[in-house]
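In what follows, every heavy atom counts, from backbone to side chain, and hydrogens, waters and symmetry copies are set aside.
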Amino acid sequence: RTGVAAMGASTSARTRLIEIVRARSFSMGAETKLVSGRTSNFYFNMKPTMLDAEGAHLIAQLILEMLDGANVDLIGGLEMGAVPLATATAAASYVKGQPIQAFFVRKQAKEHGAKKLVEGLAPGETLAGKRVVIVEDVTTTGGSAMKAIEVAKAEGAVIDRVITVVDRLEGAAEAFKVAGVAFAALLTVADFR
């Protein structure tokens, strides 16, 4: 699909994703402490949307549309939020005939086994020289994605961009700009207010 047809598909997919997030993953009311340390009276728990069949499909579709024409090798990010996003996108990319492999970054290395921070690569594979997209479920300040970026860069990856499902519009875009990393959001908090 190109032009108007693709835009129409994107618009309807985005509209439907907003409906699913609103029903399954968005709540307002009580003050909640966020991973960033901030507090808020609205909260996104994206796992019910990311693990919903239609939600996962729509997220993967929209991410792949953002990556159309991009030369990327892998998609991943910090556990736990990035795991279902990267997995759904990798599966959808295969069906589309343009496979992008998935990986994830552990918050800390396991105490046993290979003791790796980066998971999902076959024996002998590394991120060295690979073009990588970092994904995140909800972005506030960008801290979680920045941790994944640091680990991926330390492994030799080239960061193509960061894509989040929901940007809370609380400074992440500016942080990524300062870091020289392209950033895009499928949705923003403005879609839910």
Q) Can you tell me if Arg168 uses its side chain to pair, donor with acceptor, with the backbone of Val189 under 3.5 Å? A) no
Q. Does the side chain of Val133 reach to within under 4.5 Å of the side chain of Thr89, using non-hydrogen atoms?
A. no
(Q) Please report the interatomic distance CG(Leu67) to CD1(Ile100), rounded to the nearest 0.5 Å. (A) 5.0 Å
Q. Do Val181 and Ile134 have side chains that get closer than 4.5 Å, going by heavy atoms?
A. no
**Q.** Ionic contact status for Glu19 with Arg16, cut-off 4.0 Å
**A.** yes
Q | Short side-chain to backbone donor-acceptor contact, Arg24 and Met50, under 3.5 Å | A | no
Q: Verify side chain to side chain contact (heavy atoms under 4.5 Å, CB included) between Ile59 and Val135, making sure each step is shown before the conclusion.
A: CA-CA 11 Å; Ile59 290 168; Val135 287; over 6 Å; no
Q: Under the side chain to side chain contact (heavy atoms under 4.5 Å, CB included) rule, collect the residues that match up with Ala92, sequence neighbours excluded.
A: Ala60, Leu64
**Q.** Separation between CG of Leu58 and CD1 of Ile63, rounded to the nearest 0.5 Å
**A.** 11.0 Å
Q.
Any non-hydrogen side-chain atom of Phe183 less than 4.5 Å from a side-chain atom of Lys177?
A. no
(Q) Quick one, Lys47 and Asn45 - any side-chain contact, counting heavy atoms below 4.5 Å? (A) yes
**Q.** Atom pair CG/CG of Leu17 and Leu187 - distance to nearest 0.5 Å
**A.** 5.0 Å
Q. Roughly how far apart are Gln101 CD and Lys130 NZ, rounded to 0.5 Å?
A. 9.5 Å
(Q) When you measure from the side chain of Thr139 to the backbone of Ala172, do you find a donor-acceptor pair of N or O atoms at a distance under 3.5 Å? (A) no
Q) Any side-chain heavy-atom pair from Asp137 and Thr49 closer than 4.5 angstrom? A) no
Q. When you look at NZ of Lys96, are more than 12 heavy atoms from neighbouring residues, nucleotides or ligands closer to it than 6.0 Å?
A. yes
Q: Give the ring-plane orientation class for Phe26 versus Phe44, where under 30° counts as parallel, over 60° as perpendicular and anything between as tilted.
A: tilted
Q) Honestly curious: do Met80 and Val21 fall in one hydrophobic cluster under the side-chain, below-4.5 Å linking rule? A) no
Q. How is the hydrophobic cluster of Val83 composed, in terms of its other members, when Ile, Leu, Val, Met, Phe, Trp and Tyr link through side-chain heavy atoms under 4.5 Å apart, directly or indirectly?
A. Phe104
Q) Between Glu79 (side chain) and Lys107 (backbone), is there a donor-acceptor pair under 3.5 Å? A) yes
Q: Let me see the working for Ile18 and Thr15 under side chain to side chain contact (heavy atoms under 4.5 Å, CB included), right down to the final yes or no.
A: CA-CA 5 Å; Ile18 291 168; Thr15 300; 5.6 Å; no
May I have the list of side-chain donor-acceptor pairs in residues 145-162 shorter than 3.5 Å, sequence neighbours left out?
| from | atom 1 | to | atom 2 | distance (Å) |
| --- | --- | --- | --- | --- |
| Asp160 | OD1 | Arg131 | NH2 | 2.7 |
| Arg161 | NH1 | Met66 | O | 3.1 |

(Q) Quick check: is Leu169 connected to Leu186 through a chain of hydrophobic side chains (ILVMFWY, heavy atoms under 4.5 Å apart)? (A) yes
Q) Are any side-chain N or O atoms of Ser93 and backbone N or O atoms of Ala90, one a donor and one an acceptor, separated by less than 3.5 Å? A) yes
(Q) Grouping I, L, V, M, F, W and Y whenever their side-chain heavy atoms are under 4.5 Å apart, do Leu121 and Tyr94 come out in a common cluster? (A) no
Q. Looking only at atom types and distance, does a side-chain atom of Thr140 sit under 3.5 Å from a main-chain N or O of Glu170, one as donor and one as acceptor?
A. no
